[in-house]
Structure formats: structure tokens, C-alpha cells
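Note that ligands are numbered from 1 as they come in the structure, with each ligand's atoms numbered from 1 the same way. Atoms considered below: every heavy atom in the structure, side chains included; atoms not considered: hydrogens, waters and symmetry mates.
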Amino acid sequence: MSEERAMRQSNEITGYRRDHESQPPYLYPDYQSTRLRAPDRPLVILPHTLTEVTGPVYGHGKVGPLDNDLTRQHAGEPLGERIIVKGRVLDGDGRPVRNSLIEVWQANAAGRYTHHNDQHPAPLDPNFSGAGRCLTDGEGRYRFMTVKPGAYPWKNHPNAWRPAHIHFSLFGPAFATRLVTQMYFPGDPLFDQDPIFQSVNDPKARERMISRFDLGATEPEWALAFDFDIVLRGRDATPVEKNHT
Ligand SMILES: [Fe+2]
């Protein structure tokens with residue numbers, strides 16, 4: 001495409017909805033790493049041009065049929081409470097986001113990550129790596145089989161523990177819809193002391209980070225189920241995790 005034509009098209013492009021005020025701030029002093037990572041100058045608002053609105057594009061070929069089953073990546077089964085995590089990905093207008101890549105990562109049932117930075121005294125599980133991915137279907141639905149992650153300590157403040165959570169990374173249809181967030185479990189007793197959860201100020205937005213137990217989707221004698229819809233951008237957007245690694 002000629003540069004001139006690309007410019008002309010970009011002028012006609014409708015951008016995605018911008019961040020809403022319910023998103024957490026970049027700087028939240030109780031969450032210590034935000035003090036180092038938060039930008040200290042006002043953000044520059046970039047226009048949504050062809051680049052932001054059309055990429056990236058992934059083919060189906062690279063995502064394997066078992067990539068969404070974290071319990072079948074090794075010779076044996078991982079320890080822990082087997083769960084199904086599923087839901088829909090929606091855009092800022094409530095429409096399904098189809099054929100869109102979702103990646104997840106999480107601690108094992110004992111609260112330990114398979115990562116050299118995590119050395120706290122909980123056991124690793126040789127049958128659990130804790131990472132998976134899938135594409136949404138034609139109605140924006142996704143589904144993972146995994147085990148429920150344990151809570152884990154971190155050194156943010158004295159005796160700090162993270163509520164059980166699963167990290168989600170979504171690309172949506174374009175770079176401008178990229179979303180990294182964490183899914184929590186209903187009724188977790190650790191919410192009140194967790195500055196990452198608390199950095200989302202709006203109570204309704206916090207609710208959007210908590211999955212819903214779904215008895216109807218459980219598999220008898222096999223797995224519990226949690227439902228977690230994700231909204232990319234706009235007023236009802238799922239809060240973005242802006243600082244966690
Ligand atoms: Fe984590």
C-alpha cells in the first residue's frame with residue numbers, strides 16, 4: 001500500500017475507546033513497584049492510526065489443541081483442585097472479540113511459580129508449568145482447564161500475601177486493545193490487604209476482576225468451574241494490571 005493511501009485510510013479510521021477513569025493509577029504508593037515504574041511525566045496521547053487499529057494478526061496454526069489444558073502438559077497430573085476457567089471476550093460496545101489470542105500464567109496449587117525469581121519455600125510441581133493459551137471462538141468464548149493457584153507471599157510490605165489469581169494477557173483485534181490483567185476468585189480473604197487489588201479504586205471495577213463460581217459449568221467428579229468475562233476498553237473495561245511482571 002502506498003504511503004499516501006495508508007495516510008488517507010488512517011484519517012478515516014475510528015479509534016478504540018480510551019482508558020476510563022475506573023482503571024487503576026500508574027502510581028499507587030502502597031504497591032511499591034509502582035513507585036519505580038510509574039511515568040513521572042504526563043502521558044502523550046497517541047492517535048489510533050492504521051498501525052494501532054489493525055495489528056497484530058495471529059494464525060490458528062500456532063496454537064495447539066491442548067495448549068489450553070494446563071493439566072496435560074507433563075507425564076502426570078498436577079496436584080491441586082482441578083478447575084475450568086472460561087468466559088467471553090467483549091469489546092467496549094459489548095460485541096464478542098473473535099479469534100483472539102489469550103495467554104495465561106499462574107502459580108501452582110502451593111502458590112509457587114516455575115520461575116527462578118520465585119524461591120519462597122513452597123514446593124514446585126513437576127507436572128505443572130503454569131502457562132497456557134488459546135484463541136477465542138466465533139462468539140468470543142474461551143476455556144482453560146487448570147488447577148486453582150495458591151496464595152503466595154511477596155515482599156511488598158510486612159507479611160504481604162497475594163490473593164489467588166491467574167494472569168491474563170489479551171491482544172484483542174489490535175495493538176490498541178492489548179490488555180494484561182489478573183483474575184481473582186470470589187470471597188478471597190486476602191483482598192483487603194492486597195495493594196494490587198486495592199489500586200483499583202472503583203468498587204464496580206474491582207468486581208470485574210473477580211470470577212464467578214459457575215455450578216452449571218462444573219464437571220461432576222472432575223472439576224469446579226469459574227466464569228470470567230473480559231471487556232477490552234471502554235467504560236466497562238476489565239481493569240488493567242499496569243505494573244506487575
Ligand atoms: Fe502473580
Between the side chains of R95 and D93, is the shortest nitrogen-to-carboxylate-oxygen separation below 4.0 Å, so that they form an ion pair?
yes
Under 4.0 Å between a side-chain nitrogen and a carboxylate oxygen: does that hold for R233 and D91?
no
Please name all residues satisfying ring-ring contact (aromatic ring centres under 6.0 Å, His included) with F185, sequence neighbours left out, ordered by chain then number.
F226
Would one find an N, O or S atom of Y152, in either backbone or side chain, under 2.8 Å from the Fe ion (ligand 1)?
yes
Under 4.0 Å between a Lys/Arg side-chain N and an Asp/Glu carboxylate O for R98 and D137?
no
Backbone or side-chain N/O/S of Q106 under 2.8 Å of the Fe ion (ligand 1):
no
Mind reading off the angle at the Fe ion (ligand 1) between the NE2 atom of H167 and the NE2 atom of H165, rounded to 10°?
90°
